[in-house]
Amino acid sequence: MIPYGRQSIDDDDINAVVDVLMSDWITTGPKIKEFEESICKYTGAQHSTVVNSGTSALDIAVQALSLPENSEAITTPFTFASTSNALLYNRVKPVFADIMPDTHNINPDEIRKKITDRTRAIICVDFAGHPCDMQELKEIAAEYNLLLIEDACHALGAEYHNKKVGTLADMTILSFHPVKHVTTGEGGAVTTQNKEYYDTLQMLRSHGIDKNTMSRSGPQGDWAYDMKYLGRNYRMTDFQAALGISQMKKLDTFINRRKEIADYYNHAFSDVEGISTPVTKPYVRHAWHIYTVLLKNHNRDAVFKQLRSAGIGVNVHYIPIYKFSYYQQNLPQKEQFPVSEETYKSIITLPLFPQMTNENADQVISSVKSALEK
Ligand SMILES: *Cc1c(COP(=O)(O)O)cnc(C)c1O
C-alpha cells in the first residue's frame, strides 16, 4: 500500500536524537530553545513556543486569548476536529462558516454573515497547504476587533504575497505529526509577533508556572516560582526537538519534492474527464501537505474502494466537523453548509510525501484512471 502521507527520516535525524538521549537533558533542555529559534529563523516569526502536539498548540493559543465567557469564534467545518475542539476546551463556542469551492478555505463573505456581538476571534485553516486570503481576513478582524489564529498545520513553508506563513496572524499553529512537513513524532508550535502572547504561551505549556517574577522580586531563593494560569504539561522532549531541528534543515527540499509530485499529478490529470485538480492562486507558495482532487459525476466511495484494493492509500479530508456525533449532540447546526457538503461528497486525497518515487506516482495515476473507467 502506498500511504497518503508519511515521514522522511534519515541518518542525520537518527543521530541527532541519539545524541540527546546520551546527554544530560532529555527534556526542558537546550534543544527546545534551539528548535524554537530554527522555526523563527525559517518563518520570520519573532517568537515560537513548541509543545507536544498541534492540538496542544491550538489549545494554549485559544487560552492565551483570555476570551470572556459566552464568546464565539468563527471557524471552518472543513478541517481536522482539533481546530474547533480547541475552542470547546476553552468554553468558546465554535461558529462555522462555509468554505470556498476552489481552495476549500473559509469564505470571508460567510464569516461576515456569522459575526455577532459575542464574536471575538477567527480561526482559519490553510487547507492542504494553500494559505487563506489573509489580507481579507485581517480586514474583517480589524473592522470587528477580532483576534485571528491561523491553523497552519498543513502550511509550514507556505507563502502569501511573498510572506511566510507564521507571521500573518496574531498566532499561527503548526503540527509535527509524521504526515506533516517536518516531524517530531508528535509535536506542535505556536508562532507569534506578540511578546505578551509568547510569555503567556511559554507559561501555559508548563503548568502556568512563571519562574521569573518571584525569584527576581521576592526575598526567596532560586526555588521560588509562581503559578499564574491554570496551565498543563504540554512540553516537548529534547530528543523530539533535536529531531525537529534536523528535519527543519530539509524542509525546503521536502516541499520542493512535494510540489514536483503535485505538478506531475496536475499534468497527468489535466485531460482526464471527471477530475478537477487543485487550484493554486498566483500570489501563494503552496506547501502541498496533501493532494486532493474532486471527482465529478463519479461515485467517490466506489472510486475510493477501487483504489484501496489496488494498493493506493487514498483518504478523505475532511468529514465536516458538524457531522460528528459529539457535535450533533452538543452543537447542533440550524444552518446548511452547501459548499462543504458538496466538497465532502466528491473529494479524495491521493498519496503525496517526499520519498514517493515517480514510479509510485505513475502507479497512482494509472490506478485512478482505471478506477474512473469502471
Ligand atoms: C494535524 C492537524 C492538527 C492537529 O495536529 P496534531 O499534531 O495531530 O495534534 C490540527 N489542525 C489541522 C488542520 C491539522 O491538520
Side-chain angles (χ1 to χ4, degrees), residues 3-7 35 39 48-63 73-90 94 96-97 99 103-106 121-132 134 137 148-158 165-166 168-169 171-191 201 204-205 232-237 240-241 243-244 247 254-255 258 286-292 315-322 324 327 340 343-344 347 349 352-353:
Y4 87 87
R6 64 155 291 152
Q7 70 276 16
F35 185 30
I39 293 166
S48 145
T49 297
V50 298
V51 290
N52 59 359
S53 74
T55 303
S56 301
L58 276 161
D59 184 16
I60 60 172
V62 175
Q63 200 185 342
I74 299 174
T75 190
T76 170
F78 209 69
T79 178
F80 186 57
S82 34
T83 311
S84 59
N85 289 353
L87 294 165
L88 294 175
Y89 301 153
N90 290 284
F96 295 117
I99 56 171
T103 58
H104 317 318
N105 284 335
I106 196 165
I122 298 169
I123 306 186
C124 63
V125 175
D126 303 320
F127 182 84
H130 189 299
C132 293
M134 297 308 291
L137 297 185
L148 182 57
I149 294 177
E150 182 177 3
D151 179 341
C153 289
H154 296 187
L156 175 58
V165 159
L168 305 168
M171 285 183 263
T172 304
I173 311 303
L174 302 172
S175 165
F176 309 122
H177 181 274
V179 296
K180 305 287 165 66
H181 297 85
V182 301
T183 191
T184 59
E186 299 282 354
V190 187
T191 68
L201 292 164
L204 290 175
R205 163 175 78 187
R232 321 267 173 153
N233 179 353
Y234 281 165
R235 294 189 303 260
M236 176 182 275
T237 65
Q240 289 176 294
L243 179 54
Q247 289 259 302
F254 290 161
I255 293 174
R258 285 174 178 275
H286 201 309
W288 293 113
H289 161 54
I290 50 175
Y291 184 91
T292 63
N315 221 309
V316 172
H317 298 96
Y318 282 104
I319 303 166
I321 291 178
Y322 52 77
F324 292 128
Y327 277 83
S340 297
T343 310
Y344 166 57
I347 201 162
T349 305
L352 177 65
F353 52 93

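When a ligand or atom number is given, it counts from 1 through the structure's own listing order. When a residue number appears, it is its place in the shown sequence, counting from 1.
Side chains of Thr292 and Tyr318 form no contact here, defined as non-hydrogen atoms less than 4.5 Å apart.
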Under the side chain to side chain contact (heavy atoms under 4.5 Å, CB included) rule, what do Asp59 and Asn90 come out as? Steps first, then yes or no, please.
CA-CA 7 Å; Asp59 184 16; Asn90 290 284; 2.9 Å; yes
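Residues Ser340 and Tyr322 bring no donor and acceptor atom of their side chains to less than 3.5 Å of each other.
Distances shorter than 4.0 angstrom do not occur between any heavy atom of Phe78 and any atom of ligand 1. Residue-ligand proximity: Ser56 is placed with every non-hydrogen atom at 4.0 Å or more from ligand 1.
Taking every heavy atom of Gly187 and a limit of under 4.0 angstrom, the matching atoms of ligand 1 come to 7 (O). Listed by atom number, the atoms of ligand 1 under 4.0 Å from Thr79 heavy atoms are 13 (C). Numbered from 1 in the order shown, with element, the atoms of ligand 1 that lie under 4.0 Å from a heavy atom of Ser175 read 1 (C), 5 (O), 6 (P), 7 (O). Close approach of ligand 1 to Thr83 is summarised as follows: ligand atoms under 4.0 Å from at least one heavy atom of the residue are 11 (N). Within ligand 1, counting atoms from 1 as listed, the ones closer than 4.0 Å to a heavy atom of Tyr318 are 15 (O).
In this structure, the protein non-hydrogen atom closest to atom 9 (O) of ligand 1 is Thr55 OG1, 2.5 Å. Counting only heavy atoms of the protein, atom 6 (P) of ligand 1 lies nearest to Gly54 N, 3.5 Å. For atom 11 (N) of ligand 1, the closest non-hydrogen atom on the protein side is Asp151 OD2, 2.8 Å. Among all non-hydrogen protein atoms, the one lying nearest atom 10 (C) of ligand 1 is Ser82 OG, 3.4 Å.
Among His181, His289, His177, the one residue that satisfies the ring pair (Phe, Tyr, Trp, His ring centres under 6.0 Å) test with His154 is His289. Looking at Ile39, Val190, Thr172 one by one, the single match for side chain to side chain contact (heavy atoms under 4.5 Å, CB included) with Ser48 turns out to be Ile39.
Annotation: the span from Ile319 atom CD1 to Thr79 atom OG1 amounts to 12.5 Å, rounded to 0.5 Å. Expressed to the nearest 0.5 Å, how far CD1 of Ile321 lies from OG1 of Thr76 amounts to 7.0 Å.
Taking all heavy atoms of His154, His177, Lys180 into account, the minimum distance to atom 2 (C) of ligand 1 is reached by Lys180.
Not counting sequence neighbours, the partners of Arg205 by the salt bridge (charged side-chain N to carboxylate O under 4.0 Å, His left out) test are Glu36.
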